[in-house]
Amino acid sequence: MNNKYNHKKIEKKWQEIWAKTKLYQVDLHKSENPFYNLMMFPYPSGEYLHLGHGYSYSGADVYGRFMRLSGKNVFEPIGYDSFGLPAENYAIKAGVHPKVSIAKNIEIAREQLKSFGCMFDFEKEVVTSDPSYYKWTQWVFLKLYEHGLAYQKESPVNWCPNCKTVLANEQVINGKCERCETEVIQKKLNQWFFKITDYAEKLLKGLDDIDWPESSKIKQKNWIGKSTGVEFEMEIDGNREKLGVFTTRIDTVYGMTYVVIAPEHPLVEKITTDKQKKEIEKYQRNTQKLAEIERQSTEKEKTGVFTGAYAINPFNNKKIPIWVADYVIYSYGTGAVMAVPAHDERDFEFAKKYDLPIKESIIPKVIDKHDPPKDGAETIFRHAIQVILINPKNNKVLCLKWKKFPWTTFITGGVEGDEDTIAASKRETIEETGYIDIEYVKTLGGPVESHFYANHKGVNRKALFTALVFHLKSEKKEKISEEEAEIHELAWVTWDELHKDNNVKCAEYDIWLDRYFNQEHAFAEKGVLTDSDKYTGLTSEEAINKIAEWLEEKGIGGTKTTYRLRDWSFSRQRYWGAPIPIIYCDKCGAIPVPEEDLPVELPEIKDFRPAGLGEGPLASAPDFVNTKCPKCGGSAKRETDTMDTFVDSSFYFMRYPNVGDDTQMMNKKITQKWLPVDMYVGGAEHVTMHLLYARFVTKAFYDIGLIGFDEPFIRLRHQGMILGPDGKKMSKSKGNIVIPDEVMKKVGADAFRTYILFMGQFEDGGPWNPNGIAGISRFLEKIWRLFDREIIDSDTEIEVDRLLNKAIKKVGQDIADFKFNTAISSLMILVNGLSEAKKIDKRVLGILAILLSPFAPHLAEEVWEKLGNTDSVHNQTWPRYDKKLIEDEMGIIAVQINGKVRDQILVVKGTKENDILKLAKDSEKIKKYLQNTDIIKVIYIPDKLLSLVTK
RNA sequence: GCCCGGGUGGCGGAAUUGGUAUACGCGACGGACUUAAAAUCCGUUGAUGGCAACAUCUUGCGGGUUCGAGUCCCGCCUCGGGCACCA
């Protein structure tokens, strides 16, 4: 065969034709059925676009092409996120101005993007570092500022001493700078913030109505971190100040033995006694040196200092000490907590270290799984004990095996009269086992409230169990009563045997085991209140409500919701970003730059390196800094901070359809028609930053009245991560980077796209395996040959038509579900079938070209042309399938005997159960199994399986 | 520690509501064509036993529910990702 498939020639040919005919440019004003297919724009920081980009864009483009064939007008724009730290750091390293390096990098990226064969509309490109774009970044700032959503605040920020800049919390990884891995320190600076916290609730609620991966919704939910609890005030002994605390476990308040406040808390100075002053100040200085993230490390041992002051617990009017400790975060809640060491692990650790009292106020509550309380039965309450009797010689435990019930228990009984638990234990041991020579060892913590239905007595029991450990001193025994002997027999077992015993009928068992074997720790779960005044006996849930009510009545507190989300700090003391359009005038204060003066252009300065004095490099450009006040006309100075890159990307999707219109950021009609984005594809690493910020800006714009939608991305899908061939993350240092261009040079864009999507599930990603790609090249060549042979323009065999219709259905469904790998597999099955067929007509081949076109757009276009078509395959309509033709006439029924497949019979679809049963009984293979048995049950799943149960 | 995902042949991976596990591809082995190779085509390929028909086992491990479990329930092991003193 001399006519070989030449991907280089064909792909180049069609890319040129498509560009010339503007095939992928939609008329944004006119077109009906708009579909906005967006993918996260690349960050051209210096290197080539990597395989991950190729992966993401291939999948997103296949989807977009499918939507186009399904009758939508698909707008698929692309651009460059070109401002920000990485681009600037790259420029510094390369020794060129970022403006120069970014221009070069964009050119490289654009060529790469073109070679992917996506439906990009390159006329609608955005470049975020271009004044024509960042004019709108500044405009977005002005809009948010106008509506009180941007503000300045002196605040401690994460400061990287190496990059000499402020970092967002998200850019600090384990206390180190994301980029250069220098230890991050804390520094107080006047910073710009967006009030994203105002939108915490709306951002949370909005998640319910959008089609995003569940895991991403959960990530955002956790990031926002809503928690409902109670806030209340405490008086301070001998001081007019009051101390507010926030807790989600107000039910544990009677276990509060001290209070902790954060070192930065303004109250610290006011309440610290003279005696403690020196020590407290020293402690404050020390913590200030540590970066917030490092301070928050759980590995660090807790430290703290007593202030000398006492708070008064409003519930019992007791005086409790106030400590300062850095395990309390100032910016969350009230910056102070009530410490309940008995029921909080952190407080427990702290109390142990500083020898503070630990008071229990919650006891565990267990409900027996096997015999839960029955409705209607009488409930009897009692104090009870369980004896864990151990023979120290062999470390075996004594168990009772019940005769009438399949139960294994410890020695159990009620506490009678005024006897104590030890006396009760000894008495029960003698009564139930006869052992008289036993020695008390210890009590396993406090009681546990156990609810169960006592089968042997026919009543519900609510028992306060205490477990006591005894040792057997000798085998000395008394005879036990006959009634007792009838109930159970004794068994000495190892802990291991006991653990494996499925009949252990003791819901408290796990608690005893934990207390016996593990270190003492706080009981942090919910339970029943004890030693809590009028709330004693209530469950945690009940108590939380009652106590909140009481606080409200008293006017010292009430229910309160807090969020972990912090305001978005977006000012950067760096050069390569959009200048914040604010002017400081001595007379008028901070004045926003009027809209008509935008953009505030980034001046071309020689030394763009960060200065490191808490000011950005722009501060040393007098031509930029010195200006006139827009209000009074007097001399004034410009803000020299620039904006975080995430501001640039928080609205770019709104700008794309309006690119070219320099008079407004958004054209109302176009925006209404094209937004919100119908499908957004990109990495999951952007969930808590970019995606959250974009949602915030959208919601703010909606409230301001600029747009008519409040969620930017209706549907979102993530691509998985493509790893190096060694299964590790690709990185320069590991030398395992694969550049998509190299692959495409060898096999072409069509094979690259198809292969990378065939490797596995789109959401999963995985290691790049260069070996398998040969299979895809073979597959495409097979298709090429299919069009090369003589096409008989006549009827197609019915079997081929079946195959074709099945493929139409499956490929379409799978693409819609982002299951590209199985869609390709279905195409392969179809192509294999067509290769074997004796006759194929033009119609079938035409449909094949359309089905193939999302994956291999160039090849599909070429073979489409070969069939004699003059229009583009990409302007066709996705074929419909014939329902009658997707079902096979014959079906194989599996015949199971007792759950095992013993035979398969071929029948016409729709054959009745009785007929199939007859056929099965006649089968030689089945007969063998039916000898000397009776069929007791027949299960028939139509057209699939017949299951016979025999006896 | 907490929250999400995963674990299926030699490898990448398929498997509607529980209903014939291993589709599709890679690799490997055998064969055809060829002087030879490449390309292509045909066949075999989960494991064990058996000449074979066939049987037994098999979806990380251990239990359970069911006529029937990769799929559901309970308890573990393990890998990846996210959060991490948030009271």
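Numbers restart at 1 for each chain; the letters A, B, ... are given by sequence-line order, proteins then strands.
- The residue among A:Lys937 and A:Asn832 whose nearest nucleotide of RNA chain B is located toward the 5' end is A:Asn832.
- Looking at residues two or more places apart in sequence or on another chain, you find a side-chain hydrogen bond (donor to acceptor under 3.5 Å, both in side chains) between A:Asp514 and A:Asn518, A:His521.
- A:Leu945 comes within contact range of at least one nucleobase, with a heavy-atom separation under 4.0 Å.
- At a threshold of 4.0 angstrom between heavy atoms, the contacts of A:Ile829 are confined to the sugar-phosphate backbone, with no base atom among them.
- Rounding to whole angstrom units, CD of residue A:Glu763 and P of B:rG6 are separated by 11 Å.
- In this structure, A:Ser215 reaches the sugar-phosphate backbone alone: every heavy-atom distance under 4.0 Å involves primed, P, OP1 or OP2 atoms, never a base.
- Using a 4.0 Å heavy-atom criterion, one finds that A:Asn821 contacts the sugar-phosphate atoms exclusively.
- Salt bridge A:Glu301/A:Lys353: present, at least one basic N to carboxylate O contact under 4.0 Å.
- Using a 4.0 Å heavy-atom distance criterion, A:Lys729 is classed as making no nucleic acid contact.
- Between A:Ser826 and A:Lys900, the residue anchored closer to the 5' end of RNA chain B is A:Ser826, taking for each the nucleotide with the nearest heavy atom.
- The aromatic rings of A:Phe855 and A:Phe820 sit perpendicular to each other, their planes meeting at more than 60°, with 30° as the lower class boundary.
- Looking at heavy-atom distances under 4.0 Å, A:Tyr929 makes contact with sugar-phosphate atoms alone, never a base.
- With a 3.5 Å limit on both pairing distances and Watson-Crick or G-U wobble geometry required, the stems of 3 or more pairs in RNA chain B span B:1-7 with B:77-83, B:10-12 with B:24-26, B:27-32 with B:40-45, B:46-49 with B:54-57, B:60-64 with B:72-76.
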